[in-house]
Amino acid sequence: MSGARATVDAALRKAILLAAASGGLRRFVDRYGMRLGAGRFVAGETLDECVDVLRSLNERGFHANTTILGESVVDEAEARRAAGAYEHVLERLAAERLRANVALKLTHLGLELDEELAYENVARVVDRAAALGNFVRIDMEHSTVVDATLRLYRRLRADGRDNVGTVLQSYLYRSEEDLRTLLPLQPNLRFVKGAYLEPPSVAYPDKRDVDEAFVRLVEAALDGGAYAAVATHDERLIERILAFARGRRLGRDRFELQLLYGVRPRLQRDLLDRGFKVLIATPYGPEWYPYLMRRLAERPANVLFLVRSLLAG
Ligand code: FDA
């Protein structure tokens, strides 16, 4: 990407993430979003709709995970209901014999209200997953909750729960040090570039630095014995990591490739056809607004896609 184009994209990304906080925009998008084409990125508003999508992904050879969209819950009852809903999802995945696990956000389970409440909730979900032979991924959110997220992840592991993993974001300066301290746990980590608006005091402002840090993190994780979920749509980075894995003669059971539902479907298929484990992250639920806004910010051209859908009526 040229320097000028990268600068325009970075400015648009920031503008979309800032505009996302506007109540007026939210009301408009909430009202028309599904008609606007949000369904390209979200597998429906109900679990039934999502299960249909997961089944079709499995039938085509993909693994999947699902997330009940929701975040920043500051009501205790709501946070407990979210944990209950995840238990229900896990039971349904088992009943349907789907090759799918769950990925959740700790702020959906009450992290911003009370860390202890979030721990109780996440432990409950992880235990239900263990009983069903399944796995839970803890997504990573904005930089102010990274410490608490890693603390709860470590606590789950220290309490003997191994069917759980988390995420490191390569845009954060701190992630390489976080990885170093996590490696003794032989963790299952997803690596992403990072989707939130972060200040240069905590995150690389230049995309090239984010990309280089991404490769460094995955390589260090693989060398350090971790299981790596390489979550990017960036073909160039994927190929660099695959070449590294070949060079180190790493088995294909040491890593998987993860992409988002609706993003670069041809790349998803190509990677699958080359014999890699490919997991499609497939969220659902009525609270899709912040998720959709992050997807638009990642590729401002997606805004045009939505506008075209609206005009097409
Ligand atoms: P980059 O943005 O450089 O894009 C590479 C290529 O893919 C470009 O051609 C681009 O146009 C295309 N592309 C990227 N995003 C697109 C989109 N939305 N629509 C269409 N094309 C797109 N973040 C986070 O902070 N915490 C988390 O827990 C997660 N979890 C997560 C799970 C999975 C499975 C994925 C794939 C991603 C995440 N992310 C995330 C999001 C991540 O941080 C990042 O914002 C996106 O993956 C976009 O960056 P890329 O790595 O794809 O690279």
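This is a predicted model, so every value here is computed, not measured. One-based numbering, in listed order, for ligands and for the atoms of each.
- Here R299 has side-chain heavy atoms under 4.0 Å from ligand 1, and that is the only part of it that gets that close.
- Protein heavy atom in closest approach to atom 52 (O) of ligand 1: H233 ND1, 2.7 Å.
- Between M293 and I16, the closest heavy-atom pair is O-CG2, 3.8 Å.
- For R269, the CZ atom counts as densely surrounded, since its 6.0 Å shell holds more than 12 non-hydrogen atoms of other residues, nucleotides or ligands.
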Q.
Between E96 and D52, is the side chain to side chain contact (heavy atoms under 4.5 Å, CB included) condition met? List the steps.
A. CA-CA 10 Å; E96 303 273 351; D52 286 345; over 6 Å; no
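- Stacking of R295 on the aromatic ring of Y291 is recorded, both the 6.0 Å distance cut-off and the 45° axial limit being met.
- Classification of D270 and R266 as a salt-bridged pair fails, no side-chain N sitting under 4.0 Å from a carboxylate O.
- A side-chain N or O of R137 and one of N188 form a donor-acceptor pair less than 3.5 Å apart.
- With respect to atom 45 (O) of ligand 1, the closest heavy atom belonging to the protein is E298 OE2, 2.6 Å.
- Checking atom 4 (O) of ligand 1 against the protein gives no heavy-atom contact under 4.0 Å.
- A salt bridge does not link R124 with E120: every distance from a Lys NZ or Arg NE/NH1/NH2 to an Asp or Glu carboxylate oxygen is 4.0 Å or more.
- Between F191 and V230, every side-chain heavy-atom pair lies at or beyond the 4.5 Å cut-off.
- Only side-chain heavy atoms of V263 come within less than 4.0 Å of ligand 1; its backbone N, CA, C and O stay farther off.
- Which parts of ligand 1 touch A281 is read off a 4.0 Å heavy-atom cut-off, strictly below it: atoms 34 (C).
- Shortest contact from atom 27 (C) of ligand 1 to any protein heavy atom: M140 O, 3.5 Å.
- A salt bridge links R294 to E71: at least one charged side-chain nitrogen sits closer than 4.0 Å to a carboxylate oxygen.
- Considering only non-hydrogen protein atoms, atom 17 (C) of ligand 1 sits nearest to N302 ND2, 3.4 Å.
- Between K207 and ligand 1 there is a heavy-atom distance shorter than 4.0 Å.
- Of all the heavy atoms of D139, the ones lying under 4.0 Å from any atom of ligand 1 are found in both the backbone and the side chain.
- Heavy atoms of Q169 found under 4.0 angstrom from ligand 1 belong exclusively to the side chain.
- Within the structure, salt bridge (Lys or Arg N to Asp or Glu O under 4.0 Å) pairs that include any residue of residues 161-170 comprise D127-R161, R157-D162, D159-R161 (at least two apart or interchain).
- In this structure, the protein non-hydrogen atom closest to atom 35 (C) of ligand 1 is L260 CD2, 3.5 Å.
- Ligand 1 places these atoms under 4.0 Å from at least one heavy atom of V167: 28 (O).
- When non-hydrogen atoms are compared, ligand 1 lies under 4.0 Å from the side chain of Y196 (C-beta onward) but not from its backbone.
- Of the heavy atoms in A195, both backbone and side-chain atoms come closer than 4.0 Å to ligand 1.
- Protein heavy atom nearest atom 43 (O) of ligand 1, with residue, atom name and distance: G194 N, 2.6 Å.
- When only non-hydrogen protein atoms are considered, atom 51 (O) of ligand 1 lies nearest to T232 OG1, 2.6 Å.
- Counting heavy-atom neighbours within 6.0 Å of R216 CZ, excluding the residue itself, gives a total above 12.
- Of all the atoms in ligand 1, the ones that sit under 4.0 Å from a non-hydrogen atom of D234 are 3 (O), 5 (C).
- Only one option out of T67, D139, V125 pairs with L104 in a side-chain contact (heavy atoms from CB on, under 4.5 Å); it is V125.
- Side chains of F41 and N302 form a contact here, defined as non-hydrogen atoms less than 4.5 Å apart.
- When heavy-atom distances to ligand 1 are checked against a 4.0 Å cut-off, L259 comes that close only through its backbone atoms N, CA, C and O.
- In R294, neither the side chain nor the backbone holds a heavy atom less than 4.0 Å from any atom of ligand 1.
- R264 CD, 3.8 Å is the protein heavy atom nearest to atom 12 (C) of ligand 1.
- Protein heavy atoms are absent from the space less than 4.0 angstrom from atom 8 (C) of ligand 1.
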